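Counting starts at 1 for both ligands and their atoms, in listed order. Worth saying up front: this structure is predicted, and the values here are computed from it rather than measured.
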Amino acid sequence: MTGKVYLVGAGPGSADLLTVRAMNVLKEADAILYDALVGEEVKALFPPGAELIDVGKRADNHAYPQAEINRMLVDLAHQYRTVVRVKGGDPYVFGRGGEEAETLARRGITVEVVPGISSAIAAPASAGIPVTFRGYASSVTIITGHEDPTKGATALDFRALASLQGTLVILMGIKRLEDNVRALLDNGKAPDTPVAIVESGTTRDERVTVGTLGTIVGLAKQRGVEAPAVIVVGDVVRLREVLGRK
Ligand SMILES: C[S@@+](CC[C@H](N)C(=O)[O-])C[C@H]1O[C@@H](n2cnc3c(N)ncnc32)[C@H](O)[C@@H]1O
């Protein structure tokens, strides 16, 4: 018997932002593999009988290598009827869900994606920042902030990014906040460009820090900003003043 694997997006944190389809699939799960970003509220919905595997951290405190997760998914699909791989946000937005789906599909294992609400859009929205807005931004670009901006050919094109008129959303950017801000400034982005950092967006722990490209690094240090957080760069951040009231 070969089972089916569902790649499920769990949304940005709070359980009520899980889709109905995700809830239905979770109910049927025989085995669930989940990441560090899947919140307690969502984990509380896992069915009691399912085998639960936390691939966020191993006993030695390092995350599982992707190849090992891929292997585990294949093995579980040969043991169980319904295997659910739960990932934060949307599985195909910087979640390596594409690689997992490809591995399974290439081995002839049926895989179905259940899209989730991505933090790239939901965390700014929750903080009162629409990522597009007529007159402010007609485009939104989502990048990883994890890359070393100085690493050359394989790095992101910061000259192009700095020249964008639209909104820039940076995921995984807290560790290298200073490098990313410097790369934008060095490539001509104005120091007074508005920036917001949304930590734990949509959850009870949501916290928002607003500044500019010139001030955000200092503000983030002062306030001890931590991952998971989304960095939003662009004029849309100004809308928080009106739309951020809760
Ligand atoms: C590996 S990426 C996965 C993104 C995910 N697939 C998505 O669509 O939201 C992890 C990054 O997502 C962002 N993130 C995830 N959940 C978040 C939240 N609730 N608030 C702010 N940022 C979040 C952070 O930038 C974090 O470093």
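With salt bridges taken as basic N to acidic carboxylate O contacts below 4.0 Å, one links E100 and K87. With respect to the salt-bridge test (charged N to carboxylate O, under 4.0 angstrom), the residues E102 and R107 do not qualify. Salt-bridge annotation for R182 and E178: absent, with no side-chain N of the basic residue lying under 4.0 Å from a carboxylate O of the acidic one.
Side chains of D30 and V84 form no contact here, defined as non-hydrogen atoms less than 4.5 Å apart. Side-chain contact check for Y136 versus L239: some heavy-atom pair is nearer than 4.5 Å. Using a 4.5 Å heavy-atom cutoff, the side chains of E28 and Y6 are not in contact. Side-chain contact between V210 and P194 is absent, with no heavy atoms from C-beta onward closer than 4.5 Å.
Under the 3.5 Å distance criterion, the side-chain polar atoms of K175 are left unmatched by any main-chain donor or acceptor of G145.
In the vicinity of V230, heavy-atom distances shorter than 4.0 Å reach the ligand 1 atoms 21 (C), 22 (N). If you number the atoms of ligand 1 from 1 as listed, the ones under 4.0 Å from a heavy atom of V198 come out as 21 (C). Taking every non-hydrogen atom of L37 and a distance limit under 4.0 Å, the qualifying atoms of ligand 1 come out as 10 (C), 15 (C). Listed by number with element, the atoms of ligand 1 under 4.0 Å from a non-hydrogen atom of S118 are 7 (C), 8 (O), 9 (O). Within the listing of ligand 1, atoms 1 (C), 2 (S), 3 (C) sit less than 4.0 angstrom from a heavy atom of F94.
Checked by distance only, ligand 1 and L171 stay at 3.5 Å or farther apart across all their nitrogen or oxygen atoms. Between G201 and ligand 1, an N or O atom pair is found at a separation short of 3.5 Å. Of the N or O atoms in G173, none lie within a sub-3.5 Å distance of an N or O in ligand 1. Any N or O atom pair closer than 3.5 Å counts here, and G88 shares at least one such pair with ligand 1. For a threshold of 3.5 Å applied to N or O pairs, the pair formed by P12 and ligand 1 contains at least one separation below that value. For ligand 1, none of its N or O atoms has an N or O atom of E199 under 3.5 Å away.
When the heavy-atom distances from atom 7 (C) of ligand 1 to A127, A36, G89 are ranked, the shortest goes to G89.
Taking a 4.0 Å cut-off on heavy atoms, T203 fails to register as neighbouring ligand 1. Residue contact annotation: G13 has no non-hydrogen atom under 4.0 Å from ligand 1. A heavy-atom separation below 4.0 Å is not found between A227 and ligand 1. Not a single heavy atom of T202 sits under 4.0 Å from any atom of ligand 1.
Counting only heavy atoms of the protein, atom 25 (O) of ligand 1 lies nearest to A229 O, 2.7 Å. Closest to atom 11 (C) of ligand 1, if we only count protein heavy atoms, is M172 CG, 3.7 Å.
Closest of all the heavy-atom pairs between P91 and V113 is CG-CG1, 4.1 Å. Closest of all the heavy-atom pairs between T202 and G13 is OG1-N, 4.1 Å.
Atom CZ of R223 has more than 12 heavy atoms from other residues, nucleotides or ligands within 6.0 Å.
In this structure, a donor-acceptor pair under 3.5 Å is absent between the side chains of D205 and S200.
Residue A122 does not touch ligand 1, judged by heavy-atom distances below 4.0 Å.
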